[in-house]
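Working notes for the structure below.
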Number of protein chains: 2
Amino acid sequence: MARVECGYAHPDEETVSLEAIFHALSDPYRLRIVRTLAASAVPMNCGDLSFGRPKSSMSHHFRILRASGVLHTASHGVEHMNSLRREMLDRRFPGLMAAVLGEIGHATTTEASARPLTPA
Amino acid sequence: MARVECGYAHPDEETVSLEAIFHALSDPYRLRIVRTLAASAVPMNCGDLSFGRPKSSMSHHFRILRASGVLHTASHGVEHMNSLRREMLDRRFPGLMAAVLGEIGHATTTEASARPLTPA
DNA sequence: GGATTTGTTCTACTTTTATCGAACAAACGA
DNA sequence: TCGTTTGTTCGATAAAAGTAGAACAAATCC
C-alpha cells in the first residue's frame, strides 16, 4: 500500500478514509488550498498555495492533505506540483468533493472563504 | 445567534461552518454517532449512542457535534434526545451529508464503520 | 423526602496539532 | 562549481483536543 510516486507517497484508493479527509479539511489553510486547487485548471506549486505563510508550516499542511488522499504532489524540476485527486475521491466518496466545493447548491463558499484568514 | 432551545444552544443555520462540521466528523466516535443517528428513524438518547464509553467523554463529543450544527439535542424528561439536523445541513451544504452517509455511491461505509473502534 | 437515572461540568492528565526558525536536500542556471 | 530557487525535515514550543473520574444538577419514581 501507499506506493511511492515521483518521490512522494500517496495512499491507495482503498485505504483512503473519510475521517482522515475530514481531519485534513478541518483546517482553514488546508481548505483554502483545496478550494484554490479546485478553481485552478492546472496543478499549482507549493509556493503559490502558501498564502504568505512560512514554508515549513505549509509543508506540514501539504503533507496532511497528501496523506489523507486529498491531493497529489509530483516533482517537476525544482518545484512540486499539486493537484486534487478528484477522480479517485469521486469514486471513493461520490458527491463529497462536490459538496465541499459547493458545486451542487450555492452556499458553500459563504462561510470559510469569506473569512480573512489572518495569520493568528 | 445561537438561540437556546430546550436548555441547549444550537447554532443558527447561517453560522454553521464547513470547517466546524469537518472537525466534528473527524473523530471516529462522532462519525459513529452520526451514522447511527442517520440509520435511526427516531431520535436517540446519549446513553444509546455512547458505545460503552464513559459518559463524560461522550458528553464532550455530543457537545462538539451540537456546536458544529450537526446534531440537535432536546431534553425529554430525564433523557436527552439527539437527532441530526439533516434538513438544515442539506440546505446549507447540499450533498454533504448524503456523501458522508454514502447515499449516493456505495463506498462510504467501508472504512470507518468496518473499524473495530477499540477503546484505545 | 430519599433514591435512581441521565447527562453535564469540573479538573487533571495525556496526546495530538499547529507554528515556525534553521539546517538541509534536490534541481537548475550562470 | 557556486549561487539561487523550491520545498522538506528537524527541533522546540505553544495551543488544542481527547480521556475519564468525581462531583453536580434535573427529572422521575417510590
Side-chain angles (χ1 to χ4, degrees), chain A residues 4-10 17 19-33 37 43-68 70-83 115 117-120, chain B residues 4-10 17 19-34 37 43-68 70-83 112 115 117-120:
Chain A
V4 175
E5 198 173 346
C6 299
Y8 283 99
H10 296 94
S17 84
E19 274 168 42
I21 292 177
F22 285 148
H23 171 246
L25 299 182
S26 68
D27 176 274
Y29 286 117
R30 295 197 290 259
L31 196 51
R32 193 163 164 188
I33 289 171
L37 271 180
M44 299 178 71
N45 69 17
C46 298
D48 290 343
L49 290 165
S50 286
F51 313 117
R53 312 299 310 151
K55 296 189 298 180
S56 56
S57 299
M58 297 313 286
S59 187
H60 162 73
H61 290 306
F62 282 114
R63 185 146 64 111
I64 289 178
L65 285 169
R66 220 179 285 130
S68 73
V70 171
L71 68 76
H72 179 271
T73 309
S75 302
H76 279 310
V78 75
E79 51 191 3
H80 301 189
M81 306 307 289
N82 301 283
S83 53
R115 207 169 289 166
L117 263 181
T118 35
Chain B
V4 174
E5 199 173 346
C6 298
Y8 284 100
H10 296 94
S17 84
E19 274 169 41
I21 292 178
F22 285 148
H23 171 244
L25 299 182
S26 68
D27 176 274
Y29 286 116
R30 294 197 291 258
L31 197 50
R32 194 164 165 187
I33 288 171
V34 168
L37 272 179
M44 299 177 71
N45 69 17
C46 297
D48 290 342
L49 290 164
S50 286
F51 314 116
R53 311 299 311 149
K55 295 191 297 179
S56 56
S57 300
M58 297 313 286
S59 187
H60 162 73
H61 290 307
F62 282 114
R63 185 145 65 114
I64 289 179
L65 284 169
R66 222 179 285 130
S68 73
V70 171
L71 67 76
H72 180 270
T73 309
S75 301
H76 279 309
V78 77
E79 51 192 359
H80 301 189
M81 306 307 287
N82 301 283
S83 52
R115 206 170 291 165
L117 262 181
T118 36

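Order of the sequence lines sets the chain letters (A, B, ...), proteins ahead of strands, with each chain counted from 1. Keep in mind it's a predicted model, so treat the numbers as computed, not measured.
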Select one nucleotide: of [options], the one nearest the side-chain heavy atoms of [X].
X       : options                : value
B:Lys55 : C:dT8, C:dA26, D:dG18  : C:dT8
A:Pro54 : D:dA27, D:dA20, C:dC20 : C:dC20
B:Tyr29 : C:dA18, D:dT19, D:dT8  : D:dT19
A:Ser56 : D:dC10, D:dA20, C:dT8  : D:dC10
B:His61 : D:dG18, D:dT5, D:dT8   : D:dG18

Donor-acceptor check, side chain of [X] to backbone of [Y], threshold 3.5 angstrom: yes or no?
X       : Y       : value
A:Ser26 : A:His23 : yes
B:Arg53 : B:Met58 : no
A:Asn82 : A:Thr73 : no

Rounded distance (Å) that lies between atom [atom2] of [N] and atom [atom1] of [X]:
X       : N      : atom1 : atom2 : value
B:Glu79 : C:dT5  : CD    : P     : 13 Å
A:Arg63 : C:dT16 : CZ    : P     : 14 Å
B:Met58 : D:dG21 : CE    : P     : 14 Å
B:Leu65 : C:dT8  : CG    : C1'   : 16 Å
B:Phe62 : D:dA17 : CZ    : P     : 19 Å
B:His23 : C:dA18 : NE2   : P     : 10 Å
A:Leu25 : C:dT17 : CG    : P     : 15 Å
A:Asn82 : D:dT8  : CG    : C1'   : 13 Å

OP1 or OP2 of [N] less than 4.0 angstrom from a side-chain nitrogen or oxygen of [X], does that happen here?
X       : N      : result
A:Arg53 : C:dC20 : yes
A:Arg30 : C:dA18 : yes
A:Arg66 : D:dT8  : yes

Quiz item: Reckon B:His60 touches a base, only the sugar-phosphate, or nothing at all at heavy-atom distances under 4.0 Å?
Solution: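 Since a base atom lies under 4.0 Å of B:His60, the category is base.
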
Quiz prompt | By side chain to side chain contact (heavy atoms under 4.5 Å, CB included) - contacts of B:Ser83 (at least two apart) | solution =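 By the side chain to side chain contact (heavy atoms under 4.5 Å, CB included) rule, B:Ser83 matches B:Pro43, B:His72.
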
Exercise. State whether the distance check finds a donor on one side and an acceptor on the other, under 3.5 Å, for side chain A:Ser59 versus base D:dG7.
Key: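 When only heavy-atom distances are counted, A:Ser59 does not reach the base of D:dG7 through any donor-acceptor pair under 3.5 Å.
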
Practice problem: Using heavy atoms to find the nearest nucleotide of DNA chain D for A:His80 and B:His76 separately, return the residue whose nucleotide is more 5′. | Solution: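 Nearest-nucleotide comparison on DNA chain D picks A:His80.
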
Practice problem: For A:Ser57 and for B:Ile64, find the nucleotide of DNA chain D with the closest heavy atom, then tell me which residue's nucleotide is more 5'. | Solution: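 Result: A:Ser57.
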
Quiz item: Rounded to the nearest 0.5 Å, how far apart are NE2 of A:His80 and CZ of A:Phe62?
Solution: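 If we round to the nearest 0.5 Å, A:His80:NE2 and A:Phe62:CZ are 11.0 Å apart.
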
